[in-house]
Structures are given as C-alpha cells and as structure tokens.
Amino acid sequence: MMTQDGRMLHPIDRLSRRINVVVEQSLFGLGALMIGIVAAQVFFRYVLNHSLFWSEELARYILVWLTFLGATVAYRRGVHPRIDLFAHRLGFQGARAMRIGAHLVTMAFLGVLVVYGAQFAYFVRLQISPALQIPKWTVMLVLPISGIIMLLHATAAVVSEFRERTS
C-alpha cells in the first residue's frame, strides 16, 4: 500500500488500517443486529403483547461493544475532541512534538485500560448474565480488546509522525 505522496506504508500502519476496516464492518453488523433486536422487542411487546425477556440485556451489551469499538475507529480517524489552541503557534516541529506527546500520553492511559480491563474481565469470569445466561467476561472483554486496538492505532500514528516529511 502507498501513501498519498507515493511512499510505502509502514507495516504497523498497514495492520492498523486493516484492523480498522474489520472493526468498521463489525460495527455495521453490530448496529444492524441491535436495530433488529430492538425492533423485534417493540413488535413483540406492542403488537403481540408478549415481551422478549432477553432483548434489553442483549441490546445493552451490544451497545457497550459498539461504544468501545467505535472509539477505536474514532481514534484511527483522528476525530476525538482535541484542543489546538497553541499548536499553530509552535510551528511544524512544535506541533509535531505536541501530537507525538499526546499520542504517548494516550498510550499510557490505554495501557491502563488494557491491564485493568483484562483484570476486570477476569474478576467477573464466574458471573452469569441474568437473562442471556452468558458469562459476563465476554461482555467485559471489550475493554482490553479496544485498548489493544487503540494502542496499535496510536503506535501507527506515532510512526507516521516520524515518517512525515518536514514542511
């Protein structure tokens, strides 16, 4: 794969892009599934006068996965909120240093998310969800998974910053 200026992509950036595509497709599938579940619940409750006892719990768990996986896509696309008040005053090198610093600080927080998310998923490993009767660790596993994906995206962003030509 090539960048817009004709250079080859770094392998980390290539992996980051591929994983992002898979996550985006998964988000589409999860979103469609959630819409179907909620629509079925509305139909069963108001038309057939019979509630699906499991639908609310499943929709809530899908929403958790949508939120955390969606955050990885937002990070990859660079659309998380940020403050650029001083960046333009620092010139190219100063702004680059700020961006790299921001990614490194983010990586530290993501490391915490991965470690404590894995610990939390392990902590709830014996709990079973009330309606679906599935292990709760399967829901909480999204914490370390999304953290690892965002760490990959942050690493790719840092590598891209170092590979970017000075302007």
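Computed over heavy atoms, backbone and side chain alike; hydrogens, waters and symmetry mates excluded.
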Check for me, please, whether Ile128 and Leu132 land in the same ILVMFWY cluster - side-chain distances under 4.5 Å, paths through other members count. no
As an exercise, state the distance from CG of Leu15 to CG of Leu9, rounded to the nearest 0.5 Å. 11.5 Å
Sort and list the pairs that fulfil side chain to side chain donor-acceptor pair (under 3.5 Å) and have at least one residue in residues 135-154, not counting sequence neighbours. Ser16-His153
Mind checking whether His80 and Tyr75 have parallel, tilted or perpendicular rings, split at 30° and 60°? tilted
Does any part of the side chain of Ile145, heavy atoms only, come nearer than 4.5 Å to the side chain of Trp65, both counted from C-beta? yes
side-chain contact (heavy atoms from CB on, under 4.5 Å) between Arg18 and Val22: does it pass, once the steps are laid out? CA-CA 6 Å; Arg18 287 182 182 156; Val22 170; 5.9 Å; no
Does the side chain of Leu69 come within less than 4.5 Å of Val73's, by heavy atoms? no
Rounded to the nearest 0.5 Å, how far does CE of Met107 lie from CD1 of Ile100? 11.5 Å
With clusters defined by side-chain heavy atoms of hydrophobic residues (ILVMFWY) lying less than 4.5 Å apart, directly or transitively, does Leu151 cluster with Phe162? yes
Which residues pass the side chain to side chain donor-acceptor pair (under 3.5 Å) test with Ser55, not counting sequence neighbours? Gln41
Pairwise side-chain contact, Val21 with Gln25, heavy-atom cut-off 4.5 Å (strictly under): yes
Between Thr67 and Val64, is there a side-chain heavy-atom distance shorter than 4.5 Å? no
Within a strict 4.5 Å, meaning less than it, do heavy atoms of the Met150 and Phe68 side chains meet? no
Using atom types as modelled and distance alone, determine if a side-chain donor or acceptor of Arg125 lies under 3.5 Å from a backbone N or O of Tyr122. yes
Transitive ILVMFWY side-chain link Leu27 to Leu33, under 4.5 Å: yes
Are Leu63 and Leu52 connected in a single hydrophobic cluster, I mean Ile/Leu/Val/Met/Phe/Trp/Tyr linked by side-chain heavy atoms less than 4.5 Å apart? yes
Calculate, to the nearest 0.5 Å, the distance between atoms OG1 and CG belonging to Thr155 and Leu104 respectively. 9.0 Å
Rounded to the nearest 0.5 angstrom, the CG-CG distance for Asn20 and Leu152 is 9.5 Å
With side chains defined as the heavy atoms from C-beta onward, is the minimum distance between Ile19 and Ile149 less than 4.5 Å? yes
Rounded at 0.5 Å granularity, tell me how far CD1 in Ile37 sits from CG in Leu58. 3.5 Å
Could you go through the side-chain contact (heavy atoms from CB on, under 4.5 Å) check for Val142 and Tyr61 one step at a time? CA-CA 10 Å; Val142 75; Tyr61 293 160; over 6 Å; no
Pairs meeting criterion salt bridge (Lys or Arg N to Asp or Glu O under 4.0 Å) with involvement of residues 55-74, two or more places apart: Glu56-Arg60
Would a single hydrophobic cluster contain both Phe123 and Met140, if residues Ile, Leu, Val, Met, Phe, Trp and Tyr are joined by side-chain heavy-atom contacts under 4.5 Å? yes
If we only count heavy atoms from C-beta on, is the Leu143 to Tyr116 side-chain gap below 4.5 Å? no
So do Glu24 and Arg77 actually touch side chain to side chain, heavy atoms under 4.5 Å? yes
